[in-house]
Amino acid sequence: MSIASLKFSVVVPACARPEQLALCLARLAPGAQTYPAEKYEVIVTDDSADTSVREMVENKFPWAKWVAGPRRGPAANRNTGAKLARGEWIAFTDDDCLPDAGWLAAFAAAREAQPAAHVLEGRTYADRPQRSLLETSPINDNGGNLWSCNFAIENSLFRELGGFDERYIWATMEDMDLAERLRERGIGFPFVREAAVCHPWRPRNARHTQTRQVPSVLLYLQLHPQLIAKYPPGLYRRSILKAIYPELIVPLFTGRWSELALFWHGTLAAIKLMRAIPCISQTLTPPGPGPQPWPPLA
């Protein structure tokens, strides 16, 4: 199999960020990737409440396929795009990411070198050093994470898995859930350093640590109870202690008052998890039905 023989469907979930999406699509335009343009398609699945993303895609990037998202969270939005994918492989990135020119070519080369691989994990890096604790970027330099902003998977396998679990309504833990479901099947995801995307630093909403991360972690552990032992109460006590210097003392003595919110909400989230995790099987309502296999491609 030649390196340029694989056909990719690139799925880009979007939500009300037309300017950032435009930068992403410019990196995926015909000729921008070193991979042949005829060997990949780009699908933008749009959860925006207005028409700004659709108008931008149709006016500036008519070669990309736009589809309305279901507005049930990023997991469901990605699935909407993936169901339209016609390529042998689906490559995921996000609307605020900047794929390197050799992104798809690196995935194709890795698949040629490892023909038994069904999933490939790419590298995610930031555009500069971090300037504030209230900036966030899902940096992945060594693999083992399968962040949803940069990986590729066989279309047939993704359909068999039923895609991302749509019970995760926030942008957290849905990719870790997919990674765990793959591990449970004995499927690994080799790390492809050359398949890189840049994820610029974005503002962090400290409150989301409580409102989004906590319920997502609890759902994750309900669905994968064999992992509960990896989240003992002591883990969260240590996380609070570890955060005291960088998130409490340093902001206090340097006048970076806004960063104190991160320590406050992080501490409350850790306390909630310390209390809830030991009682998951007794007190939490079991989640509803999970992902079901999708029909095979025609």
Side-chain angles (χ1 to χ4, degrees), residues 10-15 17 19-21 23-28 33 74-75 78 91-107 110 119-153 164 168 170-180 182-183 188-209 212-214 216-217 220 227 230-231 235-236 238-239 242-243 245-247 250-251 256 258-259 261-263 265-266 269-270:
V10 179
V11 174
V12 185
C15 187
R17 296 189 288 201
E19 295 83 6
Q20 294 174 7
L21 175 62
L23 297 175
C24 175
L25 293 180
R27 298 290 190 99
L28 296 170
Q33 288 286 305
R78 291 190 189 97
F92 288 96
T93 191
D94 287 343
D95 62 348
D96 59 346
C97 289
L98 304 171
D100 282 5
W103 181 54
L104 291 177
F107 276 140
V119 187
L120 297 167
E121 179 182 17
R123 171 176 171 256
T124 303
Y125 63 96
D127 54 332
R128 55 171 172 75
Q130 188 181 29
R131 295 171 182 164
S132 167
L133 295 177
L134 292 177
E135 294 181 326
T136 183
S137 177
I139 295 173
N140 181 15
D141 274 328
N142 300 303
N145 300 308
L146 206 69
W147 298 148
S148 55
C149 62
N150 187 8
F151 77 96
I153 184 170
F164 288 99
Y168 295 90
W170 306 114
T172 182
M173 304 303 291
E174 78 281 8
D175 42 14
M176 292 184 65
D177 174 88
L178 180 67
E180 190 60 32
L182 289 168
R183 293 189 187 100
F189 30 93
F191 185 59
V192 185
R193 175 169 289 274
E194 296 77 13
V197 303
C198 175
H199 189 295
W201 294 101
R202 306 299 183 198
R204 182 201 302 266
N205 187 321
R207 186 181 295 274
H208 287 172
T209 305
R212 299 185 179 185
Q213 183 177 342
V214 170
S216 297
V217 169
Y220 176 70
L227 299 179
K230 295 184 178 181
Y231 293 79
L235 174 69
Y236 294 98
R238 290 192 295 273
S239 72
K242 187 177 179 181
Y245 178 76
E247 297 181 9
V250 171
R256 290 149 56 178
S258 61
E259 293 184 4
L262 190 63
F263 180 78
H265 289 292

Out of curiosity, [X] [atom1] to [Y] [atom2], how far, rounded to the nearest 0.5 Å?
| X | Y | atom1 | atom2 | result |
| --- | --- | --- | --- | --- |
| R212 | M173 | CZ | CE | 15.0 Å |
| F151 | L182 | CZ | CG | 8.0 Å |
| S216 | Y168 | OG | OH | 7.5 Å |
| E19 | D96 | CD | CG | 12.5 Å |
| N145 | T124 | CG | OG1 | 8.5 Å |

State, yes or no, whether a side-chain contact exists between [X] and [Y] at a heavy-atom distance under 4.5 Å.
| X | Y | value |
| --- | --- | --- |
| C15 | R17 | no |
| V12 | L28 | yes |
| F263 | L133 | no |
| P200 | S137 | no |
| M176 | Y220 | yes |
| W103 | V192 | no |
| D94 | P13 | yes |

Hey, does the side chain of [X] reach the backbone of [Y] with a donor-acceptor pair shorter than 3.5 angstrom?
| X | Y | answer |
| --- | --- | --- |
| E121 | L146 | yes |
| T93 | C149 | yes |
| Q213 | T172 | no |
| R204 | L262 | no |
| E194 | G122 | no |
| R27 | P99 | yes |

Considering non-hydrogen atoms only, spot the tightest contact between [X] and [Y] and give its length.
| X | Y | result |
| --- | --- | --- |
| F164 | E174 | CD2-O, 3.7 Å |
| P246 | K242 | CD-O, 3.3 Å |
| A14 | L21 | CB-CD2, 4.0 Å |
| G144 | R183 | O-NH2, 3.2 Å |
| P138 | W147 | O-CD1, 3.2 Å |
| W201 | R128 | NE1-O, 2.6 Å |

In terms of ring plane angle, is the pair Y236 and Y231 parallel, tilted or perpendicular, where the classes change at 30° and 60°? parallel

Just by distance, no angles: are the side chains of N150 and Y125 close enough, under 3.5 Å, to form a donor-acceptor pair? no

Worked verdict on F191 versus N140 for side-chain contact (heavy atoms from CB on, under 4.5 Å): CA-CA 10 Å; F191 185 59; N140 181 15; 4.2 Å; yes

If the test is side chain to side chain contact (heavy atoms under 4.5 Å, CB included), which one of N142, V197, D141 qualifies with R123? D141

Report, as yes or no, whether the 6.0 Å neighbourhood of atom CZ on R256 holds more than 12 heavy atoms from other residues, nucleotides or ligands. yes

